Amino acid sequence: MQNAAAFRPCPARPLVGRSPTRPLLPARPLRVSSAGAVAAAASTRCGAVGPRGLGHGLLPVSTDREGKAHQRPVACGAVGKAGKAEEEGGGFLKTLQLGAFFGLWYLFNIYFNIYNKQVLKVFPYPINITEVQFAVGAAVAVFMWISGILKRPKISGAQLVAILPLAIVHTMGNLFTNMSLGKVAVSFTHTIKAMEPFFSVVLSAIFLGELPTVWVGLSLLPIVGGVALASLTEASFNWAGFWSAMASNVTFQSRNVLSKKLMVKKEGQESLDNINLFSIITVMSFFLLAPVTFFTEGVKMTPTYLQSAGLNANQVLTRSLLAALCFHAYQQVSYMILAVVSPVTHSVGNCVKRVVVIVTSVLFFRTPVSPINSLGTAIALAGVFLYSQLKRLKPKPKTA
């Protein structure tokens with residue numbers, strides 16, 4: 001805050017009445033008695049003085065040669081510094097909150113992959129497991145709507161029809177991911193899923209006519225090369241796990257492309273926020289996968305079946321429930337982060353998340369990893385990071 005000496009008194013001017021020789025008030029010099037008075041005066045808005053300048057004593061009025069009144073500027077350093085300090089404090093809290101969101105995003109993802117893999121090792125029915133995850137997610141979404149934690153969306157029949165393709169590919173994407181996790185190591189599944197940018201570029205070019213820049217196209221080379229190198233040296237490699245992860249990439253990126261192409265707000269319709277959209281998709285996925293589960297694997301996630309299979313029903317059901325809760329939680333937090341950061345920042349965070357999941361799964365499950373395999377994974381993830389950075393520099397997409 002500025003001290004009292006910073007405010008120099010201005011020459012006093014008498015207020016003149018109709019008779020220029022007789023002032024209405026005697027001229028008195030402006031005095032500031034203490035720093036507290038200055039602070040009190042400085043805390044007022046500079047624009048509080050009226051059009052004639054007859055407001056606060058620190059803003060005297062002088063006339064120019066044409067007789068028009070104008071105000072003399074007064075430094076409002078105290079206000080500026082206080083506002084700046086308040087802004088910095090708010091910025092720190094927002095950064096702290098965002099850091100907590102990222103931490104929860106990574107933590108929920110780590111626990112989801114660990115619990116999910118543990119269940120898939122002893123219970124090789126990925127359709128049942130995926131259906132349980134959708135059931136838990138749907139129950140959480142309905143609870144949040146009923147309790148008022150999440151605003152219940154007003155959705156029309158036309159919007160449901162538009163969301164249906166998204167729900168179909170979302171269901172397939174999660175099912176293929178669980179199929180891959182059941183066949184190969186967690187680290188290898190996530191290495192293959194690092195190819196998501198490749199399929200995003202290809203599908204966007206085909207269906208949206210968005211052509212990538214040369215640099216974005218070149219950034220895909222280390223992604224593809226790194227995944228290929230890691231696949232050649234992967235100890236747990238098998239074709240079922242490999243193609244399931246690839247199919248997961250295709251379906252998830254198809255979901256993103258469809259969301260751009262189909263989810264266009266029409267006049268008179270209420271737009272859906274990301275969390276409500278994800279919740280609706282989860283509920284629809286539960287109903288879509290239910291008949292598929294019944295006619296393929298059958299309903300096997302029951303205590304009776306688990307006990308007859310010689311499994312610890314309590315452990316399997318508990319870890320399945322925890323995996324489902326972590327699955328829904330990390331998706332919710334991911335959308336919350338996307339609401340406050342740019343898509344590029346979110347993409348970089350997703351790349352870092354994949355690194356964290358790969359490292360923690362290798363350490364937890366003691367997955368054997370060769371130096372060549374590690375090099376291929378590192379090259380692929382570096383390519384994903386480079387792709388994320390180049391997308392920021394990408395100009396407006398050219399249409400084919």
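Side chains are part of it too, since the values below use all heavy atoms of this structure and drop only hydrogens, waters and symmetry mates. Along the sequence shown, residues are numbered consecutively beginning with 1. Please read all numbers here as calculations on a predicted model, not as lab measurements.
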Trainee: Check Ile127 against Leu289 and note the closest heavy-atom contact, atom names and distance.
Mentor: O-CD2, 4.0 Å
Trainee: For Thr233 and Asn373, indicate whether the former's side chain and the latter's backbone hold a donor-acceptor pair under 3.5 Å.
Mentor: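 Checking the backbone N and O of Asn373 against the side chain of Thr233, a donor-acceptor pair under 3.5 Å is found.
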Trainee: Examine Phe237 and Ile372 and state if one hydrophobic cluster contains both, with Ile, Leu, Val, Met, Phe, Trp and Tyr joined whenever side-chain heavy atoms are less than 4.5 Å apart.
Mentor: no
Trainee: With a 4.5 Å cut-off on side-chain heavy-atom distances among I, L, V, M, F, W and Y, is there a chain of contacts connecting Val359 to Val184?
Mentor: no
Trainee: Enumerate donor-acceptor pairs with a distance under 3.5 Å from any side-chain N or O in residues 214-224 to protein atoms, sequence neighbours excluded.
Mentor:
| unit_1 | atom_1 | unit_2 | atom_2 | d |
| --- | --- | --- | --- | --- |
| Ser219 | OG | Val216 | O | 2.6 |

Trainee: Can you see which heavy atom on Ile192 is nearest to which on Asn249, and at what distance?
Mentor: O-ND2, 3.0 Å
Trainee: Find the distance between CZ (Phe112) and NZ (Lys117) and round it off to the nearest 0.5 Å.
Mentor: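 Those atoms lie 12.0 Å apart.
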Trainee: Quick one: CZ on Phe188 to CZ on Phe242, what's the gap to the nearest 0.5 Å?
Mentor: 6.5 Å
Trainee: Is the shortest heavy-atom distance from the side chain of Val352 to the side chain of Tyr106 under 4.5 Å?
Mentor: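 Yes; the side chains approach each other to less than 4.5 Å.
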Trainee: Kindly give the heavy-atom pair with the smallest separation between Trp145 and Pro153, and that separation in Å.
Mentor: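 Scanning both residues completely, I find the closest heavy atoms to be NE1-CD, 3.4 Å.
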Trainee: Does the pair Phe327 and Val136 meet the rule for a side-chain contact (heavy atoms from CB on, under 4.5 Å), with working shown?
Mentor: CA-CA 9 Å; Phe327 169 76; Val136 172; over 6 Å; no
Trainee: Side-chain contact, heavy-atom cut-off 4.5 Å: Val316 with Met301?
Mentor: yes
Trainee: Would you call the rings of Tyr305 and Tyr125 parallel, tilted or perpendicular, taking 30° and 60° as the class edges?
Mentor: perpendicular
Trainee: Taking all heavy atoms of Thr177 and all of Lys193, pick out the closest pair and write down the distance.
Mentor: OG1-NZ, 3.6 Å
Trainee: Please answer whether the main-chain N or O of Gly298 pairs with a side-chain N or O of Asn128 as donor and acceptor at a distance below 3.5 Å.
Mentor: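 Yes; judged by distance alone, with no hydrogens or angles, the pair exists.
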Trainee: Are the side chain of Tyr115 and the backbone N or O of Leu321 linked by a donor-acceptor pair below 3.5 Å?
Mentor: no
Trainee: Where do Leu381 and Cys351 come nearest, in terms of heavy atoms and distance?
Mentor: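 Scanning both residues completely, I find the closest heavy atoms to be O-SG, 3.5 Å.
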Trainee: Would you give the length of the straight line joining atom CG of Leu338 to atom CZ of Phe101, rounded to the nearest 0.5 angstrom?
Mentor: 12.5 Å
Trainee: Mind checking whether Leu390 and Thr213 have side chains closer than 4.5 Å, heavy atoms only?
Mentor: no
Trainee: Any chain of hydrophobic side-chain contacts (each under 4.5 Å) joining Ile358 to Leu386?
Mentor: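 Result: no, two separate clusters.
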Trainee: Establish, from distance only, whether the side-chain atoms of Trp105 and Asn350 form a donor-acceptor pair under 3.5 Å.
Mentor: no
Trainee: Can you tell me how far NE2 of His190 sits from NZ of Lys353, rounded to the nearest 0.5 angstrom?
Mentor: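 Here the rounded value is 7.0 Å.
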Trainee: Under a 3.5 Å distance rule, please check whether Ser231 uses its side chain to pair with a backbone N or O of Val227 as donor and acceptor.
Mentor: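 Looks like yes, one N/O pair under 3.5 Å.
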Trainee: Roughly how far, to the nearest 0.5 Å, is the OG atom of Ser248 from the CE atom of Met195?
Mentor: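 These two atoms lie 12.5 Å from each other.
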Trainee: Ile163 versus Met284: any side-chain heavy-atom pair under 4.5 Å?
Mentor: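 Answer yes - side chains close enough.
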Trainee: If you apply the rule side-chain contact (heavy atoms from CB on, under 4.5 Å), what do you find for Val250 with Met246, and how did you get there?
Mentor: CA-CA 6 Å; Val250 174; Met246 283 294 188; 5.7 Å; no
Trainee: Are Thr304 and Ser308 packed together at the side-chain level, in the sense that at least one heavy-atom pair is separated by less than 4.5 angstrom?
Mentor: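 No, too far: nothing below the 4.5 Å cut-off.
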Trainee: Between Glu297 and Pro126, is any pair of side-chain heavy atoms under 4.5 Å apart?
Mentor: yes
Trainee: Do other residues, nucleotides or ligands put more than 12 heavy atoms under 6.0 Å from Lys183 NZ?
Mentor: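 No, NZ of Lys183 has 12 or fewer neighbouring heavy atoms, counting only those of other groups under 6.0 Å.
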Trainee: When hydrophobic residues are tied together by side-chain contacts of less than 4.5 Å, even through go-betweens, does Ile379 share a cluster with Val369?
Mentor: no
Trainee: Show the numbers, then the answer: is there a side-chain contact (heavy atoms from CB on, under 4.5 Å) between Leu150 and Ser279?
Mentor: CA-CA 10 Å; Leu150 189 64; Ser279 300; 4.1 Å; yes
Trainee: Can you find a pair of side-chain heavy atoms, one from His346 and one from Ser334, that are under 4.5 Å apart?
Mentor: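 They are in side-chain contact.
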Trainee: Honestly curious: do Val140 and Leu322 fall in one hydrophobic cluster under the side-chain, below-4.5 Å linking rule?
Mentor: no
Trainee: Within a strict 4.5 Å, meaning less than it, do heavy atoms of the Met336 and Val340 side chains meet?
Mentor: no
Trainee: Are any side-chain N or O atoms of Thr296 and backbone N or O atoms of Val292, one a donor and one an acceptor, separated by less than 3.5 Å?
Mentor: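 Yes, because the side chain of Thr296 sits within donor-acceptor range (under 3.5 Å) of the backbone of Val292.
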Trainee: Using a cut-off of 6.0 Å, state whether more than 12 heavy atoms not belonging to Phe123 lie near its atom CZ.
Mentor: yes
Trainee: Show your working on ring pair (Phe, Tyr, Trp, His ring centres under 6.0 Å) between Phe278 and His328 and close with a plain yes or no.
Mentor: CA-CA 10 Å; Phe278 170 71; His328 193 77; 5.3 Å; yes
Trainee: Near Trp243 CH2, under 6.0 Å, is it more than 12 heavy atoms from other residues, nucleotides or ligands?
Mentor: no
Trainee: Could you tell me which non-hydrogen atom of Glu234 sits nearest to which non-hydrogen atom of Ala185, and how far apart they are?
Mentor: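 Smallest heavy-atom distance, with atoms named: OE2-CB, 4.1 Å.
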Trainee: Nearest 0.5 angstrom please: Gln118 CD to Gln315 CD, how far?
Mentor: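 The CD atom of Gln118 sits 9.0 Å away from the CD atom of Gln315.
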Trainee: Side chains of Asn113 and Ser361 only: does a donor on one sit below 3.5 Å from an acceptor on the other?
Mentor: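 No, no side-chain donor-acceptor pair sits under 3.5 Å.
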Trainee: Taking atom types as modelled and ignoring hydrogens, do the side chains of Ser244 and Ser180 form a donor-acceptor contact shorter than 3.5 angstrom?
Mentor: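 There is no such pair (donor and acceptor under 3.5 Å, judged by atom type) between the side chains of Ser244 and Ser180.
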Trainee: My understanding is that only one of Asn116, Thr293, Asn174, Asn178 makes a side-chain hydrogen bond (donor to acceptor under 3.5 Å, both in side chains) with Thr130; could you say which?
Mentor: Asn178
